[in-house]
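For reference, the structure discussed in these notes is given below.
Chain A is the first sequence line, chain B the second, and so forth, proteins listed ahead of strands; every chain is numbered from 1.
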Amino acid sequence: MKRQAYSIPYLTWMTIFAVLPLFLVLFYAFTTKQGSFTLDNLIRFFDPLYLNVLVRSINLALVSTLICLILGYPMAYIISKANIKARNTLILFFIIPMWMNFLLRTYAWMTILERNGIINKFLSLFGIKPLSLLYTNGAVILGMVYNFLPFMVLPIYTVLIKIDKSLIEASYDLGANKLTTFIKVVFPLSLPGVISGITMVFMPSVTTFAISRLLGGGQFTLIGNLIERQFINVGDWNFGSAISIVMMAIILISIAIMNKFDKDKEGVNLW
Amino acid sequence: MAEKILDLQNLTKVYEGNTVLNNLNLYVRKNEFITLLGPSGCGKTTTLRLIGGFETPTSGKIFFEGQDITNLPPYKRQVNTVFQKYALFPHLNVFENIAFGLRLKKVSESEIKERVKKMLALVNLTGYENREISSLSGGQQQRVAIARALVNEPKVLLLDEPLGALDLKLRKEMQTELKKMQQALGITFIFVTHDQEEALTMSDTIVVMNGGTIQQIGRPEDIYNEPKNAFVAEFIGESNILDGIMLDDCLVEILGQKFRCVDKGFNQNEPVDVVIRPEDILVTRENNGKLEGYVENVTFKGVHYEMIINSSEFHFKVHSTKMEPVGTKVYLDVEPENIHIMKKVK
């Protein structure tokens with residue numbers, strides 16, 4: 001009895017800050033401004049105008065997740081092969097930028113990419129005309145990859161260093177060379193890390209609104225921006241809530257799909 | 001004598017300044033069951049890893065059927081290993097674990113099926129093809145590990161303390177089975193263990209190691225009956241090791257008493273180590289003019305009693321089927337051929 005008392009502060013916290021808001025979002029999503037039940041908010045979202053926003057968001061998130069995977073897996077692999085001292089230093093390099101403010105890091109990219117930014121100034125030395133780098137899809141993807149890459153590297157790295165060395169020796173022993181051993185043993189065993197990495201990059205990418213507004217200049221509306229606008233500019237809380245619900249459904253479905261792959265539940269989920 | 005399959009020459013391995021293997025010379029004959037026996041840190045596992053190709057020696061050479069394989073990577077060697085903790089692939093089922101080596105050799109699918117099936121029958125796991133590794137018991141995983149190595153028909157099978165994690169009964173069963181498999185398949189087995197009983201039960205040849213050097217190589221009977229030095233005597237079976245003085249050929253003085261023995265060739269009055277097995281000490285109540293003592297402690301061990309008998313403050317360990325109660329005054333004697341004389345190790 002006494003022990004259960006310890007959980008009361010946490011339960012209270014979760015009720016006020018997680019359960020209650022969730023019910024509020026649900027309430028707004030299924031009601032009109034006057035407070036009567038309706039499905040119109042949800043139905044309204046399935047307008048091609050908004051569906052395009054959804055598709056664009058998912059596309060950009062998929063591309064940046066893929067780039068993070070292609071860049072992040074070899075990085076994680078190289079770090080896991082280094083000796084302990086070098087390993088910790090390298091991991092620290094990945095974590096230090098995360099200590100800086102997220103917006104600050106994104107603003108920094110603006111000054112690098114803009115028309116009078118560092119890259120264009122450097123190019124002008126060679127007589128190349130300034131390129132419009134900022135406010136493009138590429139800039140948004142760059143921002144996502146830059147910000148979310150550590151979320152790909154860390155879970156893969158954690159799984160890689162946990163792989164029993166004797167399994168790799170067993171593979172060599174049975175006649176596999178280094179490449180075959182990687183394909184047949186190391187990579188399959190690191191899949192749980194890859195899956196957590198994908199989940200942890202895809203989700204913030206698909207819902208981001210800051211990166212797309214700063215680096216995309218607001219001309220590419222993503223789902224995050226759409227939600228933001230309903231609450232801040234338009235003041236249509238009901239529609240905003242409905243889009244949030246759709247978003248949550250998409251995320252839940254993608255987690256469910258990912259968990260299917262990760263049958264051993266060995267993933268390092270930080271969520 | 002069968003031909004040499006493996007020849008280790010002057011192998012030395014130094015790890016961060018520690019010499020774990022010191023100028024080791026050893027050859028292995030075809031179809032031999034050879035056991036590397038010694039306490040942990042004696043270099044036995046290092047020797048096995050050098051043969052498997054997981055380590056390269058600091059100096060020395062390894063020859064396999066006359067060819068120098070010292071710097072050959074493990075995947076190019078015709079040896080397979082059964083690892084201490086099995087090292088089965090957790091993401092593959094039993095069938096795929098065993099088929100791993102065959103698939104790499106591009107063996108046809110139908111032949112793989114047939115050979116895996118045969119192996120599973122050999123290790124008594126017929127019908128386990130589709131089981132996940134995590135659903136198997138330790139003993140079953142052990143068998144899969146053996147099958148995975150043997151299915152490749154290696155010329156030499158390396159076994160690194162493969163029975164260490166099994167309980168006593170299972171271990172005894174596996175000892176007999178391994179020995180049977182080795183004889184049936186005609187493959188050379190190199191077995192590493194710290195368990196002297198295991199070594200005595202299974203081996204054709206035992207290599208006793210300590211501190212990175214070989215102490216003695218021989219048949220189990222020779223190692224047990226004629227240990228070369230006090231370390232071997234103490235490590236193989238239980239023994240009483242006493243200080244003695246060699247009075248003459250075949251005459252040794254122990255605890256002030258003269259005993260006949262069968263060893264010759266020592267200097268007169270040379271101090272020696274005398275080794276007597278606990279089961280070789282004869283205990284009587286009649287005064288036989290030899291060592292006098294009294295029973296200090298008696299423990300029932302199943303087949304025999306273990307008595308600690310104090311004679312001139314030396315505590316003899318004696319194994320006998322006949323028990324003398326604590327405090328009894330007794331006399332000890334040893335047959336000449338059961339007294340083993342060894343040069344003192346400096």
Closest non-hydrogen atom pair between L167(A) and P90(B), with its separation: CD1-CD, 3.8 Å
Among P74(B), P154(B), A145(B), which residue forms the greatest number of heavy-atom pairs with chain A at distances under 4.5 Å? P74(B)
Counting only heavy atoms from other residues, nucleotides and ligands, does the tally under 6.0 Å from CG of L92(A) exceed 12? yes
May I have all residue pairs that pass salt bridge (charged side-chain N to carboxylate O under 4.0 Å, His left out) and include part of residues 80-90 of chain A, sequence neighbours excluded? none
For F148(A), check ring pair (Phe, Tyr, Trp, His ring centres under 6.0 Å) against everything at least two apart and list the hits. none
What pairs of residues pass the ring pair (Phe, Tyr, Trp, His ring centres under 6.0 Å) test when at least one of them lies in residues 35-70 of chain B, not counting sequence neighbours? F54(B)-F83(B)
Could you look at L102(B) and say if it's the side chain, the backbone, both or neither that has a heavy atom under 4.5 Å from chain A? neither
Given the options A149(B), G101(B), G53(B), A87(B), which has more heavy-atom pairs under 4.5 Å with chain A than any of the others? A87(B)
Let me see the donor-acceptor pairs closer than 3.5 Å between chain A and chain B, or none if nothing turns up.
| from | atom 1 | to | atom 2 | distance (Å) |
| --- | --- | --- | --- | --- |
| E169(A) | OE1 | R49(B) | NH1 | 3.0 |
| E169(A) | OE2 | R49(B) | NH1 | 3.3 |
| E169(A) | OE2 | R49(B) | NH2 | 2.6 |
| Y172(A) | O | Y75(B) | N | 3.4 |
| D173(A) | O | N80(B) | ND2 | 2.9 |
| D173(A) | OD1 | T81(B) | N | 3.3 |
| D173(A) | OD1 | T81(B) | OG1 | 2.7 |
| D173(A) | OD2 | N80(B) | ND2 | 3.3 |
| D173(A) | OD2 | T81(B) | N | 2.7 |
| K184(A) | O | H91(B) | NE2 | 2.9 |

Taking atom CE of M98(A) as the centre, does the number of heavy atoms from other residues, nucleotides or ligands within less than 6.0 Å exceed 12? yes
